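One structure below.
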Amino acid sequence: MTSDQNNSRTSIVEPKQQRAKATYQALLTAAQEILATEGLYALNSNAVVTAADATPPTFYRYFKNKQQLLHVLGQRLMAVQNQELEAATADVRHDDYFGQILATLQATYEVTVRFRGAHALLLALRTTSELQHIRLESHNAMAAASAPAIAAARPTLSDDEVFRRARLGVELGYAAIEMLLELPKLDAARILHATANGTLAMYLADDQR
């Protein structure tokens, strides 16, 4: 773990008392609103406390800096996205593998759209060094969850090849979702359908090595 990663993880303690929980959530909600309306680079502790009607000492009671706040939001976003894949992989049907891939992409896209500030937050998870591990760990976990279905469909593939395909499938899905967030005028249904087709073809392709 790098020192930057360690700094973003340490001292993140969610409060247990109801009043403190409400304050903590108000700070997170304010941050999400700033991310949604003004973007990542508008986010700082002063902007958050102003939007939350709080004070700087209140902010620093819960977060060492804005990276720690983004760390919490990033984990929450990854968690709601991962739930969709976990549900899909719980009962894989190879007679409708395409349908399941498409349904998972659609559900993941929908929960991401509903998560306030998701576009800016995904940018932070991709470009901020102390936050990148959140995305990488989540995507690795999602690939590991997808791998058994690929292995069952293509039993001659090596474990390494199965994981590579699963990991690429995760990246394809999230690249499509991020593109749709960035370009909301695109036809989401067509983009996700094409992504599901490409993902399925890649999952089930014969081993050409």
Side-chain angles (χ1 to χ4, degrees), residues 1-2 5 8-9 71-115 118-119 121-184 186-209:
M1 184 188 305
T2 68
Q5 289 176 0
S8 72
R9 295 188 194 194
H71 187 284
V72 173
L73 290 177
Q75 287 189 318
R76 289 187 177 189
L77 175 57
M78 294 295 101
V80 298
Q81 291 179 333
N82 290 0
Q83 286 173 2
E84 300 303 329
L85 182 65
E86 290 168 2
T89 56
D91 183 25
V92 176
R93 289 179 49 201
H94 292 292
D95 60 333
D96 189 25
Y97 206 1
F98 171 80
Q100 287 188 297
I101 293 172
L102 179 58
T104 302
L105 284 170
Q106 290 171 331
T108 304
Y109 170 65
E110 289 166 6
V111 299
T112 305
V113 169
R114 289 196 299 268
F115 195 98
H119 184 203
L121 187 55
L122 288 171
L123 176 63
L125 295 179
R126 186 172 293 281
T127 61
T128 306
S129 60
E130 58 264 46
L131 300 174
Q132 288 173 350
H133 67 94
I134 300 172
R135 177 179 59 85
L136 294 174
E137 290 167 4
S138 173
H139 287 196
N140 283 336
M142 295 179 76
S146 301
I150 300 172
R154 282 290 182 267
T156 60
L157 298 179
S158 68
D159 290 345
D160 286 346
E161 177 63 16
V162 167
F163 183 79
R164 280 193 290 270
R165 293 188 187 197
R167 188 67 172 78
L168 180 56
V170 171
E171 290 303 317
L172 288 173
Y174 280 103
I177 289 169
E178 288 187 41
M179 182 176 70
L180 290 171
L181 293 176
E182 189 173 66
L183 302 170
L186 291 177
D187 187 329
R190 292 186 67 181
I191 295 297
L192 295 177
H193 192 279
T195 304
N197 264 325
T199 300
L200 180 63
M202 182 266 298
Y203 280 175
L204 300 185
D206 292 332
D207 192 354
Q208 300 296 325
R209 291 179 305 161

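Owing to the predicted nature of the structure, the values given are computational and were not obtained by experimental measurement. Here, residue 1 is the first one in the sequence, and each next residue gets the next number.
- Atoms CD1 and CG, on Ile177 and Leu122 in that order, are 8.5 Å from each other to the nearest 0.5 Å.
- Here the closest heavy-atom approach between residue Ala166 and residue Ser146 is recorded as CB-CB, 4.2 Å.
- Contact annotation: the side chain of Val80 never approaches that of Arg76 to less than 4.5 Å [non-hydrogen atoms, C-beta and beyond].
- Residue Ala144 comes nearest to Phe163 through the heavy atom pair N-CE1, 4.0 Å, listed as atom of the first residue, atom of the second, then distance.
- Interatomic distance, CG of Asn197 versus CG of Leu192, reported as 11.5 Å (0.5 Å rounding).
- Contact annotation: the side chain of Leu172 approaches that of Met202 to within less than 4.5 Å [non-hydrogen atoms, C-beta and beyond].
- Here the straight-line distance linking atom CG of Leu157 with atom CG of Leu204 works out to 9.5 Å at 0.5 Å rounding.
- The shortest distance between side-chain heavy atoms of Thr112 and His119 does not fall below 4.5 Å.
- Side chain of Arg126 to main chain of Arg135: no donor-acceptor pair is present (N/O by atom type, distance under 3.5 Å, no hydrogens or angles).
- Across all their heavy atoms, Tyr203 and Arg154 have their closest contact at O-CG, 4.1 Å.
- Shortest non-hydrogen contact noted between Pro155 and Ala152 is CD-O, 3.7 Å.
- For the atom pair CG of Asp160 and CZ of Arg165, the computed distance is 12.5 Å after rounding to the nearest 0.5 Å.
- Nearest approach of Leu200 to Tyr97, heavy atoms of both residues: CD1-CD2, 3.8 Å.
- With Ser138 contributing its side chain and Ile134 its backbone, the two residues share no donor-acceptor pair below 3.5 Å.
- The aromatic rings of Phe98 and His193 sit perpendicular to each other, their planes meeting at more than 60°, with 30° as the lower class boundary.
- For Asp187, the CG atom is densely surrounded, since the number of other residues' heavy atoms within 6.0 Å is greater than 12.
- The CG atom of Leu125 sits 8.5 Å away from atom NE2 of His139, with the distance rounded to the nearest 0.5 Å.
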- [ ] Please assess Glu171 against Met142 for the test side-chain contact (heavy atoms from CB on, under 4.5 Å), listing each intermediate value before the final yes or no.
- [x] CA-CA 10 Å; Glu171 290 303 317; Met142 295 179 76; over 6 Å; no
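- Ile191 approaches Ala176 most closely through the heavy-atom pair CG2-CB, 4.1 Å.
- Rounded to the nearest 0.5 angstrom, Leu105 CG and Leu180 CG are separated by 10.0 Å.
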- [ ] List the steps and the verdict of side-chain contact (heavy atoms from CB on, under 4.5 Å) for Val72 and Gln75.
- [x] CA-CA 5 Å; Val72 173; Gln75 287 189 318; 5.5 Å; no
